[in-house]
Amino acid sequence: MPSDLLDNLTETQLEAVTHIDGPMLVVAGAGSGKTRVVTRRIAYLISKGVWPNQILAMTFTNKAANEMKERVEQLVGVAPRWVGTFHSACAKFLRQDLEKLGDGRNGNFTIYDSSDQQSVVKACVKELEGTETSGRTNANSILSRISRAKCALVPPATFGKGTPEDDRVARVYKAYEKSLRQMNAVDFDDLLLLTVKLLEQRSDLRDIYHSRFRYLLIDEYQDTNRLQYRLMRLLTGPKHNVHVTGDPDQSIYSWRGADYRNIMDFAKDFENTRVVRLEQNYRSTKTILAASNALIQNNTKRFEKELFTDNDRGVQLTVKGADNERMEALHVAQGIVTLRTRRVPLSEMAIFYRTNAQSRSFEEVFMRVGVPYQIVGGVRFYERKEIKDILAHLTLLGNPRDVVALKRVVGCRSTGVGDKTLARLLARANEADIPVFDLLCSSDFKELLGGRIPRKLANFAAWCRDLAGVPRIPVGECVREVLGVVGLVDVYRNKSDTDPAAEDRIENLEAFVDRAFEFEAARPEATLADFLEDVALVADVDAWDSSADCLSLMTLHSSKGLEFPHVFVAGVEEGYLPHQNSEADWAVEEERRLLYVGITRAQKSVMLTYARQRYTWGRLEPRGPSRFLSELPPETVTYDGTEDDRNDSEDAKVDAATDDGELYYDYDDTW
DNA sequence: CCTATATAGATTTTT
DNA sequence: TCTATATAGG
């Protein structure tokens, strides 16, 4: 055993690390060394002779999973294979075993993201009601109800009927499910749901999984929903070797069905649960901790606990009001400059906000000033139109039944094929029970389809045959080849006069090809399907580089599990925190937890900013400081210049110059 | 029957 | 500011 495995641990941490068999609950406050405990425990198990692949650790985000993997590898030199998100673990299970469920789907399934789901829902509504859905919100609201039902394990058959709207959702839900089965597609919820179904139906599989995964670990247990809870129960073998960690005060996903009662009830679920509470904070200053403790105590529904720390007192939190979002960004920029004069690297600073849209004003300022930054999340790379287009082609190669992908393939450039033709194709494919793309590629396409075939359709079918002829392996070559066959780059080049983003789109496509080659280099034996899964479930994390010397920007949700010496939380104002859609009491408590999460990310300093006015959709709206600010004890906070923002002048001038890698900024006297 | 253009309408958080 | 839908042209 590596000798340092048990070094520098407190007694409680040691207890959690060296626990081997039976259920364990670790209630881990923010900054209490939870990751350290979990990773050391995995390493400890391995050092005690547990085979790394017998450990299944599930997290919510890829960031958390990757960090866990890396740190275990540092400790024992092996990266356990089964450390990943709930979704990626289930995707791997289903690639292997989905066919055994016998619902018509198999391991080549496509994973649909929300826009794909929308497209399916719209098609279902049209089919059922003969009319288009009105706008995006309609499909969206139906989808969110379907998702809620799935996460609560409610099948279409028992979906609550009553109001006409309920009945309607129930009908769409049913059609939606059927449609996904037909297309050999699953949505995010299905990844978990179908795994649950599979394990419920097949005791033989359950036994196999139990013997394969002798130790189960679940991170951020307070964020599990019923579906994830059910999955946990099914994966837990008879020995109850399940180890969960979490913090009820950091539960911020109730909108996704998370129920922190899961963590409250864990010890009741499993007899003989050992409970360890980690309440010493190693991350933050006394002041930061005092502020966050006071804040979270305003929540009524909560497990009483109070974190303490031996760290220094540190400096007060700074609160700064700005006249608008532009000024807010400039204030933050100034805070960054001040830190830079103390030689603090940019990698030690982060800006958090409630909504992704808020990143814009910061980007504009940092771009102008020349501060390198990276944004975590936001418009995901693979959700961009051009990327979805190229992905659709690749998807179709792997899953010829994927109608959503075919629609994109048809629609992304002039093919001469439209809705009517597509409907005809689909009808025929269903009739003949052939995957629609196979029908198109078939050498006797004309005979199969029958009737008059427009020249354009014949051309398209011939083109499909070319596409299908592209070798699938190796992945990088395949992606480059497909891009060439599709000619998307030329499409955008021709569109450059109408689409101002055309150049970016071409760059993105090139970046996508690069990514495919990188993937191939990292996993030479991987298939196209593996690559697509990676893109659907894990691609974005790789974009965030914790070691890069640049500033990080992300939502408060994304910040969970991370830490930074210096944290800025922007938009601490009514309307954002709490968000205007979360004014209900219970919702406000979650918003408070969100700010709590943000503040407790910080090691040394925190700056909270808000705007008094803000442009929303081009309209100037009055805003005001968040109610949460008044909950911070006065002695922990300095109100910096909130009264005296002389004129907020659009002419605050910021210049940047580089010298020796250091940035210097000059401001005029408005500062 | 398909394609390009204009116009309204939309943003919470994530796998 | 950006995207999806309505509409008219080809």
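A, B, ... follow the sequence lines: proteins, then strands. Residue 1 opens every chain.
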- Task: Would you please confirm or rule out a distance under 4.0 Å between OP1 or OP2 of C:dC2 and any side-chain N or O of A:Arg360?
- Result: yes
- Message: Could you tell me if A:Tyr112 and A:Asp190 have a donor-acceptor pair between their side chains, going purely by distance under 3.5 Å?
- Response: no
- Could you tell me how the ring of A:Trp255 sits relative to the ring of A:His557: parallel (under 30°), tilted (30 to 60°) or perpendicular (over 60°)? perpendicular
- Query: How long is the line joining CZ of A:Phe86 and P of B:dT14, in whole Å?
  - Reply: 18 Å
- Task: May I have the distance from A:Lys385 (atom NZ) to C:dT3 (atom C1'), rounded to whole angstrom?
- Result: 10 Å
- Here the distance between atom P of B:dT15 and atom CE of A:Met58, to the nearest Å, is 16 Å
- Message: Determine whether the aromatic ring centres of residues A:Phe512 and A:Phe531 are separated by less than 6.0 angstrom.
- Response: yes
- Message: Could you tell me how far apart A:Leu422 (CG) and B:dT3 (P) are, to the nearest whole angstrom?
- Response: 12 Å
- Nearest-nucleotide comparison on DNA chain B, the residue closer to the 5′ end among A:Gln580 and A:Lys456: A:Lys456
- Spacing of A:His557 atom NE2 relative to B:dT15 atom C1', expressed in whole Å: 13 Å
- Item | Most 5' of A:Gln117 and A:Ser582 on DNA chain B, judged by nearest nucleotide | A:Ser582
- Do any side-chain nitrogens or oxygens of A:Asn356 fall under 4.0 Å of OP1 or OP2 in B:dT14? yes
- Item | Distance, rounded to the nearest Å, where A:Arg326 contributes CZ and C:dT1 contributes P | 13 Å
- Message: With a 4.0 Å cutoff (strictly under), does any side-chain N or O of A:Lys122 reach OP1 or OP2 of C:dT5?
- Response: yes
- Starting at atom CD of A:Gln250, determine the distance to atom C1' of B:dT14, rounded to an integer number of angstrom. 17 Å
- Pick the P atom in C:dA4 and in B:dT13, then give their distance to the nearest Å. 16 Å
- Would you mind checking if A:Arg408 and A:Asp116 are paired as a salt bridge, meaning a charged N to carboxylate O distance below 4.0 Å? no
- Message: Tell me whether the side-chain N/O atoms of A:Thr421 come closer than 4.0 Å to OP1 or OP2 in B:dC2.
- Response: yes
- Base, sugar-phosphate alone, or nothing: which one does A:Tyr576 contact when heavy atoms must sit under 4.0 Å apart? nothing
- Query: Which is true for A:Ser88 with a 4.0 Å heavy-atom rule: it touches a base, it touches only sugar-phosphate, or it touches nothing?
  - Reply: nothing
- Is the phosphate of B:dT14, meaning OP1 or OP2, less than 4.0 Å from a side-chain N or O of A:Ser114? no
- Item | Spacing between A:Arg455 atom CZ and B:dC1 atom C1', to the nearest angstrom | 17 Å
- Would you kindly say whether A:Ser144 and A:Ser141 are connected by a side-chain donor-acceptor distance under 3.5 Å? no
- Classify the nucleic acid contact of A:Ser558 as base, sugar-phosphate or nothing, counting any heavy atom under 4.0 Å across all strands shown. sugar-phosphate
- Are A:Gln250 and A:Arg593 side-chain neighbours, meaning at least one heavy-atom pair lies under 4.5 Å? no
- In terms of side-chain heavy atoms of A:Lys420, which of C:dC2, B:dC1, B:dT13 is nearest? B:dC1
- Looking across every strand, which nucleic acid part, if any, lies under 4.0 Å from A:Phe60 by heavy atom: base, sugar-phosphate, or nothing? sugar-phosphate
